Enquirer: 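What follows is a single structure, and I will ask about it in a moment.
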2 protein chains.
Amino acid sequence: MTPAPGSPGDVLTLISAGSATTRSDLARLTGLARSTVSQRVDALIESGLVEETESGESTGGRPPRQLRLHTDGHAFAGVDVGATHCRVALMDISGEVLAECEDPLLVTEGPETVLAHVDRRLDLLLAQAGRPRSALRALGMGVPGPVEFATGRPNNPPIMPGWNDYPIPEHFADCVVLVDNDVNVMALGEHRNAFPGTSHLLFVKVGTGIGCGIVAEGRLHRGAQGSAGDIGHIRVSGHDDAGCRCGNSACLEAVAGGAALARRLTDLGVPAATGADVVALVLAGDTLALRLVREAGRHIGEVLAGLVNFFNPEVIVIGGVLSRVHEHLLAGIRETIYRRSLPLATHHLSIVPSRTGEDAAALGAGLLAIEHYLSPDNINKIVTP
Amino acid sequence: MTPAPGSPGDVLTLISAGSATTRSDLARLTGLARSTVSQRVDALIESGLVEETESGESTGGRPPRQLRLHTDGHAFAGVDVGATHCRVALMDISGEVLAECEDPLLVTEGPETVLAHVDRRLDLLLAQAGRPRSALRALGMGVPGPVEFATGRPNNPPIMPGWNDYPIPEHFADCVVLVDNDVNVMALGEHRNAFPGTSHLLFVKVGTGIGCGIVAEGRLHRGAQGSAGDIGHIRVSGHDDAGCRCGNSACLEAVAGGAALARRLTDLGVPAATGADVVALVLAGDTLALRLVREAGRHIGEVLAGLVNFFNPEVIVIGGVLSRVHEHLLAGIRETIYRRSLPLATHHLSIVPSRTGEDAAALGAGLLAIEHYLSPDNINKIVTP
DNA sequence: ACTCTTTGTTCGATGATCGGCGGAAGATAT
DNA sequence: ATATCTTCCGCCGATCATCGAACAAAGAGT
């Protein structure tokens, strides 16, 4: 009936996405003959990528044998290198987290120090999960700055001294390494974890600075130089006095970033050094801090309103430290977006706080690695070697 | 050597893109055996999609037989429905224009009138080109408002009374019809005609209003509701007094659109009704009009600077009526973008006037139709029926 | 215990693809 | 002019993936 699509590797994609859990599902979805499906599934089981579990529910006939990704024998790592912390997650091929850790660590220590730390943590986590180092198939990493994705080299990152053009992948010898901007991997983690099915999503990180990860057609949009999503230096109106570290004035980050809010609070007599301090003040009931956060929301909303018109996403997710007080931040953001964006674009738009939280970056980095490993190209190399 | 990609229909894609002009090219590019390539090419010739031309240059051995799309027997139409004009282009399958016409026509006349006009012009052009109506394979159309692309129905278009939700494709019985926003098809036309090879491109139309077509990964980005690229109502700073027809104030369109410029010129004692009048004044050497255009460029640049940070395109193309005085418009745009965007994003960014001109919309609409017809899915249906 | 339904496997048939061989057609050397 | 080399292209038997029918397995319903 169907004109038989079903490219090789397609079968695995359907299993890993959870769209198909039995052989007959696969036959129906791919249009391939049942015998062909069985043969391919056998090859996948043979190569250790898929396993059979106990039989499922019968629907009146012989109960189907359930299929799922074989989660033993492989391991994948997601690394979240932040400005002041480093989180490493060990995941199995289905995306489940096997073990995880977080340590304070300054990215300014430089690549050798940081990557050596990652390496030690990897060994630790692998030991915890009871898997040998050789099980590690791929590693994804998010770093706080722009990256040339194809080569895994940071591209003039402002807050990562010593990392410029450093070939991060070479540090991990027998393992595929994918490096991306931290906001991108957060967007990926949030999308895959909380909003699969959504085609166009924006993830906005409101921390010390402000950045944005873009998911278009379900895939990350990185732009021509890999610098897409850098919305922290978009101009907001009415704040020409706010100077920014980039040399311009009225940048969103200089008006509504965590660092800017802390500075303004300090100026107004309420001492605060970081975005986290601002959050703490809000949670403690400080009305001045609360007002500033809500106002920051309006400024972020002003920029996002423009991007909603331009990009027309289905979902905007707000993450980062400031999202811990998301009720107040979101109020300002929503208010402005619904006022300044076109009705057609906002009609089905959801604006929500992060559902994945602290884990989004490490998770997303791991998923970057897993999805690369499971990509049709790569699978064709692995199965029947 | 290569792991043999080469899906069916891939061969035709390579020929139509001009990437391969001989059988050996195809063998090399697809990784298929020479004999297989020959067999597939034969099938394509059989079905009338490809033809052989005279032998090409020898490189020391037997000269290869050239292959190209067979341009007889098929026809495709690109229709550009503007606010006050209607242009129809008849193209062959290679994208070459066979015949073309433009007439003044008000879109406010409503769908029946406009589409009947299109129908008459199609017959005329087909006669000019000496092809029967049955040769028409697909038709693309750009209209001045938002469209639900999947169904070809305008979606609450502000300047197209009577068109809302009208099922345009049903008007053309035996022919695939694709309808999209006019700025989108202009972006497509400009990209395919002048900037193939570019992955990420923005096409900005500066006319009565201001809109933007987005090409990402070489394909049109339409967004969740098909309203992506509507940048005319993004806020610009310092113009809270400029009211916009959308109900808000300080919209880009209300500050820098052709209609707004004409109104301001009139207010300042220089009568002008439309963007075209403003252009005429500039060309006549009116310094006030010139200053306004340059200032409009700065405002457009302010918005584009934000979008450059967000989207990180390789090329920005400026089109629309106002681009006829692009030296002045571009000066303001470039000035602001290079001042307000991040160096990483602007380093390899080109900002150029439209190279395709008046024809971009009809051309892009036709290409939309042709590319749909040549898509692998569709080809598999056509060849060996 | 019997039949029905659904699932999964086995196996011969089919068709696409491969790769080698040889002929075609021109360039280059003799 | 003749011979040789290179490249291109069609032919043909071998190979491999896929298909579909038949059969076996496993449970539900009667």
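Proteins get letters first, then strands, A, B, ... in listed order; numbering begins at 1 in each. Keep in mind that what you see is a predicted model, and the values were worked out from it rather than measured.
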Enquirer: Taking OP1 and OP2 of D:dC19, is either one under 4.0 Å from a side-chain nitrogen or oxygen of A:Arg40?
Expert: no
Enquirer: Mind calculating the distance between CG (A:Leu26) and C1' (D:dC19) to the nearest angstrom?
Expert: 17 Å
Enquirer: What integer distance in Å separates B:Arg28:CZ from D:dT7:P?
Expert: 12 Å
Enquirer: Is the terminal nitrogen or CZ of B:Arg137 (NZ for Lys, CZ for Arg) located under 6.0 angstrom from the six-membered ring centre of B:Phe76 and within 45° of that ring's axis?
Expert: no
Enquirer: Let's go through B:Glu217 and A:Glu217 carefully: what are the C-alpha distance in whole Å and the side-chain angles of both, what is the deciding distance for side chain to side chain contact (heavy atoms under 4.5 Å, CB included) to 0.1 Å, and is it a yes or a no?
Expert: CA-CA 10 Å; B:Glu217 304 276 349; A:Glu217 304 276 348; over 6 Å; no
Enquirer: Just how far, in rounded Å, is C1' of D:dC11 from CD of B:Gln39?
Expert: 12 Å
Enquirer: Quickly work out the A:Gln66 CD to C:dG8 C1' distance and round it to whole Å.
Expert: 14 Å
Enquirer: Which distance, rounded to the nearest 0.5 Å, do you find between the CG of B:Leu12 and the CG of B:Leu69?
Expert: 6.0 Å
Enquirer: Quick check for you: to the nearest 0.5 Å, what is the distance between A:Leu122 atom CG and A:Leu139 atom CG?
Expert: 6.0 Å
Enquirer: How far apart are the C-alpha atoms of B:His221 and A:His221, what are their side-chain angles, what is the distance that settles it, and do they pass the ring-ring contact (aromatic ring centres under 6.0 Å, His included) test?
Expert: CA-CA 11 Å; B:His221 172 82; A:His221 172 82; 8.4 Å; no
Enquirer: Using side chain to side chain donor-acceptor pair (under 3.5 Å) as the criterion, list what pairs up with B:Arg133, not counting sequence neighbours.
Expert: B:Asp119, B:Asp123
Enquirer: Measure CG/B:Leu32 against P/D:dG10 and give the value in whole Å, please.
Expert: 15 Å
Enquirer: Return no unless some side-chain N or O of A:Ser38 is found under 4.0 Å from OP1 or OP2 of C:dT9.
Expert: yes
Enquirer: Treat primed atoms plus P, OP1 and OP2 as sugar-phosphate and everything else as base, then score nucleotides 21-30 of chain D 5' to 3': B for base contact with protein heavy atoms under 4.0 Å, S for sugar-phosphate contact only, - for none.
Expert: -B-BBBBS--
Enquirer: Any side-chain N or O of A:Ser24 under 4.0 Å from OP1/OP2 of C:dT6?
Expert: no
Enquirer: Starting at atom CZ of B:Arg23, determine the distance to atom C1' of D:dG10, rounded to an integer number of angstrom.
Expert: 9 Å
Enquirer: How many Å lie between CG on B:Asp42 and C1' on D:dC9, as a whole number?
Expert: 10 Å
